[in-house]
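Counting starts at 1 for both ligands and their atoms, following the listed order.
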Amino acid sequence: MSEDRYSGIRLIDWIGDSGREMIKKSSCTIIGCGALGCASSNLLVRFGFGSLKIVDRDFVELPNLERQILFDENDARMMKPKAIAAAEKLSSVNSEVRVNGVVTDVNSGNIDKILADCDLVVDGTDNLETRYLINDTCVKHKIPWVHGACLSSSGMSFNILPGGPCFRCMYAVAPELGRTPTCETEGILTSVPQLVGAIQATEAVKIICKSENISRRLIHVDLAAGTFEAIAVERSESCPACVKGHFEYLGKERTSSAVSLCGRNSVQIVPANETTVDLKALEKKLKTVGDVSHMGYLLNFKKEGHELVVFPDGRAIVRGTSDIGLAKSLYSRYIGN
Ligand SMILES: [Zn+2]
């Protein structure tokens with residue numbers, strides 16, 4: 001293309017031609033492609049990063065369209081994995097960027113591989129467990145990451161840079177499950193993740209350009225009140241991660257897990273070991289007991305009011321329930337142990 005598509009940012013004094021070259025040479029991984037991941041990656045691809053990796057475990061559903069700006073009704077009809085739908089959309093916006101969509105659940109067994117060779121991580125997750133994992137990996141390998149979170153009418157962004165303070169300085173221990181407010185209980189204002197994603201993408205660019213303006217404070221926005229605050233975060237003297245170098249979340253052995261998904265009335269089941277499921281063979285098996293359809297990337301199985309969506313890596317999302325026991329029993333009954 002002869003016309004310079006980056007003429008706007010080249011004129012920004014802290015980016016310029018040299019900053020643009022740094023962005024072009026950089027690779028960024030976005031973990032989670034819900035509302036936040038959509039918003040940040042939509043901007044990062046326009047800044048023209050060298051490569052973007054979009055990692056997500058989920059597929060597109062109609063209620064996502066309220067705030068997940070990379071997806072459309074066709075993606076929801078086709079139950080496209082979000083990482084695939086996002087990668088297609090982002091590539092069509094900027095074909096100069098290498099965009100890689102990875103459909104997987106991030107865990108202690110695969111996060112090192114997922115984050116190998118990336119210069120920067122942008123948080124698009126919806127849960128603390130994955131953020132602790134990202135934090136341990138990034139602190140260990142000195143990769144900067146940009147934390148973001150949204151709830152109700154508020155959101156925040158915070159840069160976690162080598163040397164700290166880190167995410168565990170902010171949240172030393174994970175609160176008990178069920179004790180934290182979620183999007184399911186508090187709702188989420190459509191515009192909040194767009195704003196937080198925009199702040200994250202901008203901070204990501206500052207980090208890559210080694211700008212003097214990199215924010216060292218937590219940026220908190222409340223769109224109901226219409227306020228922005230920059231809050232100081234102190235490094236914790238006893239932080240297990242950035243002070244002591246104990247990466248507890250990386251040491252946790254991968255086990256089979258079942259978690260209720262934020263805002264979804266669904267449970268995700270993850271098998272203990274890395275595996276590959278032959279969806280065609282499974283389709284054949286399940287045809288005899290219920291309604292099954294192969295959606296290209298995944299299998300959709302319905303039986304007596306229950307619905308299971310099965311991914312090639314053996315994960316399943318059980319829809320229409322947040323009862324973990326029920327979800328596990330449906331999984332073992334129809335998919336296997
Ligand atoms: Zn720390």
Hey, can you pull the donor-acceptor pairs under 3.5 Å for the side chains in residues 78-90, sequence neighbours left out?
residue: Lys80; atom: NZ; partner: Glu88; partner atom: OE1; Å: 2.8
residue: Lys82; atom: NZ; partner: Gln68; partner atom: OE1; Å: 3.1

Axial cation check for Tyr132 ring with Arg168, 6.0 Å and 45° limits:
yes
What protein N/O/S atoms lie closer than 2.8 Å to the Zn ion (ligand 1)?
Cys166 SG, Cys169 SG, Cys239 SG, Cys242 SG
SB check Glu203 Lys206 (cutoff 4.0 Å):
yes
Kindly compute the distance separating CG (Leu44) from OG (Ser26), expressed to the nearest 0.5 Å.
11.0 Å
Report, as yes or no, whether the 6.0 Å neighbourhood of atom CG on Asp117 holds more than 12 heavy atoms from other residues, nucleotides or ligands.
no
Here the gap from Phe311 atom CZ to Thr276 atom OG1, rounded to the nearest 0.5 Å, amounts to 14.5 Å
